[in-house]
**Student:** 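Provided herewith is a single structure, encoded as structure tokens, for subsequent inquiry.
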There are 2 protein chains.
Amino acid sequence: MTTFSEENYLKAIYHLGNHGQHSVSTNAIAEKIETKASSVTDMLRKLAEKDYVDYKKYQGVSLTEKGRLTATNVIRKHRLWEVFLVNKLDFSWGEVHDIAEQLEHIKSLKLTNALDAFLDYPSHDPHGDPIPDADGNFKKISKIVLSKANENDICVCVGVNDSSSGFLKYLDKNNIALGAEIEILSKEPFDDSMNINVNGKSLAISKLISNNLYVKIRST
Amino acid sequence: MTTFSEENYLKAIYHLGNHGQHSVSTNAIAEKIETKASSVTDMLRKLAEKDYVDYKKYQGVSLTEKGRLTATNVIRKHRLWEVFLVNKLDFSWGEVHDIAEQLEHIKSLKLTNALDAFLDYPSHDPHGDPIPDADGNFKKISKIVLSKANENDICVCVGVNDSSSGFLKYLDKNNIALGAEIEILSKEPFDDSMNINVNGKSLAISKLISNNLYVKIRST
DNA sequence: ATATATTTTTAGTCTTGTCTAAATTTTATT
DNA sequence: AATAAAATTTAGACAAGACTAAAAATATAT
Ligand SMILES: [Mn+2]
Ligand SMILES: [Mn+2]
Ligand SMILES: [Mn+2]
Ligand SMILES: [Mn+2]
């Protein structure tokens with residue numbers, strides 16, 4: 001049985017290592033989890049002891065299969081609960097993350113599966129992030145960051161890279177939600193800003209915005 | 001902010017003191033929470049320090065208003081989550097308690113209230129226990145223990161005193177659920193057993209059963 | 001009233017997860 | 001290759017929450 005803290009470390013290693021593929025540095029974990037590097041070292045030894053990670057001193061850390069499965073299960077629960085909060089309890093997409101951080105640690109396989117069924121087996125959470133199945137498998141979708149789209153492209157918003165409530169509020173204010181159609185009117189090479197058309201209104205967005213919005217190109 | 005452990009102690013004191021009315025002994029808490037008396041003493045000092053309880057050495061402990069409110073809020077969440085699991089996710093009433101023990105510690109007033117609304121403001125949980133409102137107020141219903149009913153009484157099952165999965169399974173096996181109509185056919189004074197009629201079938205039940213079933217007398 | 005039994009508290013230890021400060025290893029720079 | 005810088009680990013401490021064993025207070029029984 002894993003503790004809350006162990007689960008948070010596994011999740012961090014998973015995300016930092018890009019789906020648990022490559023290994024991760026102590027400092028990166030410390031920064032992500034907002035703790036000290038020495039605390040991370042202690043925890044890595046413990047996780048290695050329990051076979052959740054492969055760890056050799058000074059060499060970084062990577063998830064074992066057991067660790068990867070634990071991490072994806074926590075992520076699965078996190079995202080299912082986010083869907084529940086938005087779809088069933090009418091929360092906005094900016095309000096759900098902190099609550100999901102708590103709910104993701106509830107231990108009951110039956111509950112997770114029942115929730116999944118109750119929500120009609122959603123494939124993505126309210127921020128466009130894919131929900132892994134019980135075996136930790138994601139379906140990959142081909143999404144690009146909006147800044148990579150070209151002039152005259154018409155795209156659909158399919159996700160956000162930054163789920164902070166500040167960014168989400170900005171999007172709400174400008175009526176950009178998942179599924180919104182975005183047309184690239186022009187791109188300004190000097191500062192990488194772009195003019196887009198969304199919901200009939202034109203809008204100038206900075207590089208910071210376009211780098212954090214995922215889209216799918218619909219047509220050209 | 002209260003920890004999980006603090007909340008469990010407050011809940012125990014609340015229940016043992018009969019809705020936080022009278023004071024509770026160290027040993028009683030230890031037994032309820034399945035911990036040692038010395039651990040209880042430590043925690044009581046901490047809870048007193050934080051003004052959740054009134055505590056004087058060797059004199060037992062009672063909840064302050066702040067403590068009572070915290071306890072009822074945890075109980076509120078526990079019972080709302082039980083309703084959610086049974087009514088929305090189709091869990092049986094014997095499966096929900098352990099999961100609710102986890103969910104009751106999730107901290108979000110907005111979530112609790114949204115859940116309450118989503119469930120249509122239920123007044124009782126799946127075991128017939130009343131759900132307090134946000135201010136910690138219960139509506140009292142007049143229920144008696146089945147053993148107190150008289151021959152020829154016709155009653156409705158409104159709750160259980162023992163929520164253990166063993167007892168609930170016994171009830172399920174005999175088709176006794178909340179709302180079931182129970183007729184007292186006869187009472188045996190020697191061992192306090194009774195013959196009842198439930199759903200057309202007659203059934204002999206021991207004192208242990210009739211002492212743990214709450215009913216309301218419907219007619220005579 | 002005194003002795004005995006029970007309850008409760010204290011003292012000291014342990015584990016988990018965190019921290020600071022110091023030591024060590026690795027990486028980068030001259 | 002030697003040195004400086006950065007990253008990582010170790011050593012030692014602390015708080016929360018638990019435990020055991022011993023001491024102290026309260027309750028019970030003679
Ligand atoms: Mn989230
Ligand atoms: Mn999300
Ligand atoms: Mn319960
Ligand atoms: Mn209940």
Side-chain angles (χ1 to χ4, degrees), chain A residues 1-17 22-63 66-67 70-71 74 101-102 104-107, chain B residues 1-17 22-63 66-67 70-71 74 101-102 104-107:
Chain A
M1 199 61 0
T2 45
T3 65
F4 283 27
S5 190
E6 288 169 347
E7 290 181 353
N8 286 334
Y9 276 93
L10 292 174
K11 226 183 7 156
I13 297 166
Y14 181 89
H15 282 132
L16 290 167
H22 36 72
S23 86
V24 174
S25 78
T26 301
N27 263 358
I29 298 168
E31 192 181 356
K32 178 118 197 168
I33 273 187
E34 290 179 290
T35 185
K36 299 290 152 140
S38 55
S39 307
V40 175
T41 301
D42 286 346
M43 181 57 91
L44 294 186
R45 239 204 260 89
K46 184 179 163 199
L47 290 173
E49 183 58 42
K50 290 187 167 193
D51 269 318
Y52 289 105
V53 299
D54 290 318
Y55 169 60
K56 256 167 278 146
K57 273 199 211 182
Y58 296 102
Q59 300 305 122
V61 71
S62 61
L63 294 175
K66 180 180 170 191
T70 306
V74 174
E101 285 290 312
Q102 301 179 59
E104 71 188 4
H105 302 294
I106 302 292
K107 281 162 188 65
Chain B
M1 199 60 2
T2 44
T3 65
F4 283 26
S5 190
E6 288 168 345
E7 291 181 352
N8 286 335
Y9 276 92
L10 292 175
K11 226 183 8 157
I13 297 167
Y14 181 90
H15 282 130
L16 290 167
H22 37 72
S23 87
V24 175
S25 78
T26 300
N27 264 358
I29 299 168
E31 192 181 355
K32 179 116 197 170
I33 272 185
E34 290 179 294
T35 185
K36 299 290 153 142
S38 54
S39 307
V40 175
T41 301
D42 286 347
M43 181 57 93
L44 294 185
R45 238 204 260 90
K46 186 179 161 199
L47 290 173
E49 183 58 42
K50 289 187 167 192
D51 268 319
Y52 288 105
V53 299
D54 290 319
Y55 169 60
K56 255 167 277 142
K57 272 198 209 181
Y58 296 103
Q59 300 306 122
V61 71
S62 61
L63 294 175
K66 180 180 170 190
T70 306
V74 174
E101 285 291 313
Q102 300 179 59
E104 71 187 4
H105 302 293
I106 301 293
K107 282 161 188 65

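Quick note on labels: first sequence line is chain A, next is B, and so on, each numbered from 1.
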**Student:** Within this structure, what is the NZ-to-P distance between A:K36 and C:dA22, rounded to whole angstrom?
**Tutor:**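 These atoms are roughly 15 Å apart.
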
**Student:** Base, sugar-phosphate, or nothing for A:S5, non-hydrogen atoms under 4.0 angstrom?
**Tutor:**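 Sugar-phosphate contact only - A:S5 comes under 4.0 Å of backbone atoms but never of a base.
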
**Student:** Where is the tightest heavy-atom contact between A:Y9 and A:L47, given as atom of each residue plus distance?
**Tutor:**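 Closest approach of A:Y9 to A:L47: CB-CD1, 3.9 Å.
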
**Student:** Please give me the minimum heavy-atom distance between B:H22 and B:L16, naming the atom from each residue.
**Tutor:**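 Here B:H22 and B:L16 meet closest at CE1-O, 4.2 Å.
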
**Student:** Rounded off to whole Å, could you give me the CG-to-P distance for the A:L47 and D:dT9 pair?
**Tutor:**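 Distance check: A:L47 CG to D:dT9 P gives 13 Å.
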
**Student:** Identify the two heavy atoms, one from A:A71 and one from A:L10, that lie closest to each other, and give their separation to 0.1 Å.
**Tutor:**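 Result for this residue pair: CB-O, 3.8 Å.
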
**Student:** Could you tell me the separation between the CD1 atom of B:I29 and the P atom of D:dA18, rounded to a whole number of Å?
**Tutor:**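 Value for this atom pair: 13 Å.
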
**Student:** Classify the ring geometry between B:F4 and A:F4 as parallel (under 30°), tilted (30 to 60°) or perpendicular (over 60°).
**Tutor:**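 Judged by the thresholds at 30° and 60°, the geometry between B:F4 and A:F4 is perpendicular.
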
**Student:** Starting at CD1 of B:I33 and ending at C1' of D:dA18, how long is that distance when rounded to a whole Å?
**Tutor:**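 Spelled out: CD1 on B:I33 to C1' on D:dA18 is 12 Å.
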
**Student:** Provide the closest heavy-atom pair for B:A48 versus B:Y55 in the form atom of the first, atom of the second, distance.
**Tutor:**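 Smallest interatomic distance, heavy atoms only, reads CB-CB, 4.0 Å.
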
**Student:** Hey, what are the protein-to-nucleotides 3-5 of chain D N/O distances that come in under 3.5 Å?
**Tutor:**
none

**Student:** Go through A:H105 and A:N8 one step at a time and tell me if the side chain to side chain contact (heavy atoms under 4.5 Å, CB included) criterion holds.
**Tutor:** CA-CA 9 Å; A:H105 302 294; A:N8 286 334; 3.1 Å; yes

**Student:** Taking atom C1' of D:dA18 as reference, at what distance in whole Å does atom CZ of B:F4 sit?
**Tutor:**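 Between C1' of D:dA18 and CZ of B:F4: 17 Å.
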
**Student:** Any side-chain to backbone donor/acceptor pair from A:K66 onto A:K50? Under 3.5 Å, distance only.
**Tutor:**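 At least one qualifying donor-acceptor pair exists.
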
**Student:** Could you write nucleotides 5-11 of chain C as a row of B, S and -, 5' to 3', where a protein heavy atom under 4.0 Å of any base atom gives B, of only sugar-phosphate atoms gives S, and otherwise -?
**Tutor:** --SBBB-

**Student:** Could you give the NZ-to-P distance, from B:K50 to D:dA15, as a whole number of Å?
**Tutor:**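 Interatomic distance, NZ of B:K50 to P of D:dA15: 14 Å.
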
**Student:** Just wondering, do A:I13 and A:K32 contact through their side chains at under 4.5 Å, heavy atoms?
**Tutor:**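 Contact flag for A:K32/A:I13 side chains = no.
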
**Student:** Rounding to an integer number of Å, can you tell me how far B:E34 CD sits from D:dC19 P?
**Tutor:**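 Atom CD in B:E34 sits about 10 Å away from atom P in D:dC19.
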
**Student:** Can you establish whether the number of heavy atoms outside A:E31 located under 6.0 Å from its atom CD is more than 12?
**Tutor:**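 Open.
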
